[in-house]
Amino acid sequence: MDRIRIVGGNPLNGTIPISGAKNAALPLMIAGLLTDEKLVLENVPRLADVSQLQRILGNHGIDITVNGKRRGDDAYAGQTLEIDARVIVDTTAPYELVSKMRASFWVIAPLLARMGEAKVSLPGGCAIGTRPVDFHLDALRALGAEIEIDAGYVLARAPKGLKGARIVFPKVSVGATHTALMAASLADGETIIENAAREPEIVDVADCINAMGGRVEGQGTSTIRVVGVPRLKGARHSVLPDRIETGTYAMAVAMTGGDVLLSGARADLLESALDTLREAGAEITVSNEGLRVKRNGAGISPVTVTTEPFPGFPTDLQAQLMALTTRARGTSRITETIFENRFMHVQELARLGARIHLDGETATIEGVERLKGAPVMATDLRASVSLVIGALAAEGESMIHRVYHLDRGFERLEEKLSACGAEIERLAG
Ligand code: EPZ
């Protein structure tokens with residue numbers, strides 16, 4: 001298994017191009033199943049999760065063409081996928097595939113809406129929490145589907161098609177909002193989704209469905225209105241920039257010191273995290289090119305943060321922020337409210353010399369003067385990159401094991417960081 005070797009202590013200076021968002025690209029690719037015409041997605045990141053989803057969609061009979069490089073494309077240009085779901089030959093998403101990538105469970109919505117049936121494996125547990133799918137199933141039931149669970153599979157049927165309905169989520173869920181939105185877009189009549197997720201990735205999917213001839217309103221607010229249409233057509237859509245990748249590199253610069261332009265980043269997608277970074281002592285400048293992050297000289301100030309659904313502080317930046325606070329001049333507190341088991345990075349950061357005390361949902365981090373390099377183990381996608389941030393500021397060498405977690409969500413991480421002066425390399429096998 002690949003490892004990443006880092007020798008810490010170098011400030012980061014230069015430019016890091018921000019890729020398309022993983023958490024938009026995945027549901028957008030799945031939305032391609034809503035139409036029998038071609039959906040062309042631009043700015044798609046090259047990630048393990050994207051390739052895995054390509055395999056999963058192929059299993060349903062979907063052809064996906066990856067366009068070759070175009071004149072003027074730079075090395076970091078996103079890829080263009082042409083998704084052709086003209087013919088769906090199989091409405092079953094098997095355990096072997098779904099268990100590898102949870103978001104593939106969301107294929108249940110377009111399969112059911114377009115084909116009237118779907119058999120999809122339950123995604124199973126996850127390192128960061130139990131992550132049930134009950135809200136997804138309740139939403140589909142509200143739209144008139146018959147739902148049965150048998151031998152680890154969800155059997156969903158709507159032979160006469162789905163019907164518009166009022167859906168009220170007991171708790172904000174990004175995935176369940178995607179499921180309700182996609183299913184309702186082809187249902188008969190009006191659907192109102194209340195307590196919907198407001199994440200930018202939801203807005204990106206809703207905008208794409210509207211480009212396909214859908215009728216969605218209110219995306220980005222807690223109440224989304226969808227008027228179903230009999231058929232959706234093909235479209236071309238560009239995936240929005242990755243706000244979690246943006247926040248991750250901004251935290252890295254704040255950790256090591258330096259001056260970096262995050263080109264293509266959008267400040268409006270992560271204002272709460274930028275506010276926290278400013279509080280911690282980073283200078284953030286917004287420009288047409290993207291975001292400039294600087295921290296020179298002044299130390300890192302402690303912060304108190306609680307993770308929340310958008311527009312609150314994102315849970316997907318919690319581990320990265322924790323890494324940053326390990327060297328703050330004082331005590332920080334981070335409360336995780338979205339996932340019940342998202343502190344796996346704490347013990348690994350402690351191996352670098354961090355002082356972190358856990359009490360239920362809250363971590364108390366006492367800042368230390370220095371961190372020291374050590375071998376550490378990645379446990380999930382965001383935890384793994386928090387170890388990279390810790391190691392970039394630690395004295396000496398760190399070795400990060402199980403970096404396949406990183407490849408799921410960060411494109412060309414070593415190249416992007418070493419171009420800014422980090423001493424980082426991947427060691428194969
Ligand atoms: C999406 O996961 C993201 N994944 C996650 O990013 C992100 O952490 C999460 O939203 C929250 O922002 C993708 O977009 C592919 P939820 P999702 O449904 O949709 C509970 C990353 O690192 N819940 O919003 O699975 C659930 O257990 C990943 O890129 C139910 O109880 O998250 C959790 O506590 C990790 N029943 C909470 O709601 C349900 O049916 C929020 O989960 C659904 C969710």
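Start at 1 and go down the list; that is how both ligands and their atoms are numbered.
Listed by number with element, the atoms of ligand 1 under 4.0 angstrom from any heavy atom of G175 are 18 (O), 19 (O). Atoms of ligand 1 lying under 4.0 Å from any heavy atom of R382, numbered from 1 in the order shown and given with element: 21 (C), 22 (O), 29 (O). With ligand atoms numbered from 1 in the order given, ligand 1 contributes 40 (O) to contacts under 4.0 Å with heavy atoms of H136.
Contact annotation for W106 and ligand 1: only side-chain heavy atoms (C-beta onward) come within less than 4.0 Å of the ligand. The residue R408 has no part lying near ligand 1, judged by heavy-atom distances below 4.0 Å. Residue K22 touches ligand 1 through its side chain alone, judged by heavy-atom distances below 4.0 Å. Contacts with ligand 1 closer than 4.0 Å are made by no heavy atom of L137, backbone or side chain. By the criterion of a heavy-atom distance under 4.0 Å, both the backbone and the side chain of R131 are placed next to ligand 1. Here H178 has no heavy atoms under 4.0 Å from ligand 1, in either its backbone or its side chain. Looking at A176 against ligand 1, nothing comes within 4.0 Å, counting heavy atoms. Residue contacts with ligand 1 for D134 involve both N, CA, C or O and side-chain atoms from C-beta outward (heavy atoms, distance under 4.0 Å).
Using a 4.5 Å heavy-atom threshold, the side chains of M1 and H401 count as separate. R114 has its side chain out of reach of L232: every pair of non-hydrogen atoms, C-beta onward, lies at least 4.5 Å apart.
In this structure a side-chain-to-backbone donor-acceptor pair under 3.5 Å is present from E199 to F310.
Shortest contact from atom 23 (N) of ligand 1 to any protein heavy atom: F135 CE1, 3.7 Å. Protein heavy atom nearest atom 26 (C) of ligand 1, with residue, atom name and distance: F339 CE2, 4.3 Å. Closest protein heavy atom to atom 3 (C) of ligand 1: N23 ND2, 3.8 Å. Annotation: atom 11 (C) of ligand 1 to nearest protein heavy atom, T315 CG2, 4.0 Å. Nearest protein heavy-atom neighbour of atom 1 (C) of ligand 1: V174 CB, 4.0 Å. Atom 34 (O) of ligand 1 has its closest protein heavy atom at I338 O, 2.6 Å. What sits closest to atom 20 (C) of ligand 1 on the protein, heavy atoms only, is K171 NZ, 4.0 Å. Protein heavy atom nearest atom 8 (O) of ligand 1, with residue, atom name and distance: D316 OD1, 2.6 Å.
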*Decide yes or no on side-chain hydrogen bond (donor to acceptor under 3.5 Å, both in side chains) for E308 and T337, but give the supporting numbers first.*
CA-CA 7 Å; E308 291 170 307; T337 67; over 6 Å; no

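Look at D316 and R342 and you find a salt bridge, because one of the NZ, NE, NH1 or NH2 atoms lies within 4.0 Å of a carboxylate O, short of that distance. For E425 and R5, the salt-bridge test passes: some basic side-chain N is under 4.0 Å from an acidic carboxylate O. Under the 4.0 Å criterion applied to side-chain N and carboxylate O atoms, R426 and D407 are assigned as salt-bridge partners.
Looking only at atom types and distance, the side chain of E201 has no donor-acceptor partner in the side chain of H178 under 3.5 Å away. Side-chain contact check for E336 and T307: at least one donor-acceptor pair (N or O, by modelled atom type) lies under 3.5 Å.
Judged by the shortest distance from any of its heavy atoms, R342 lies inside the 4.0 Å radius around the atoms of ligand 1. Ligand 1 lies less than 4.0 angstrom from a heavy atom belonging to P132.
Using cut-offs of 30° and 60° on the angle between ring planes, the pair W106 and H136 is parallel.
Within 6.0 Å of atom CZ in R141, more than 12 heavy atoms from other residues, nucleotides or ligands are found, so the atom counts as buried in its surroundings.
Between S173 and ligand 1, at least one pair of N/O atoms sits closer than 3.5 Å.
Atoms CG and CD1, on L137 and I149 in that order, are 5.5 Å from each other to the nearest 0.5 Å.
Here the rule is side-chain contact (heavy atoms from CB on, under 4.5 Å) with H60, and of T91, V89, V107 only V107 fits it.
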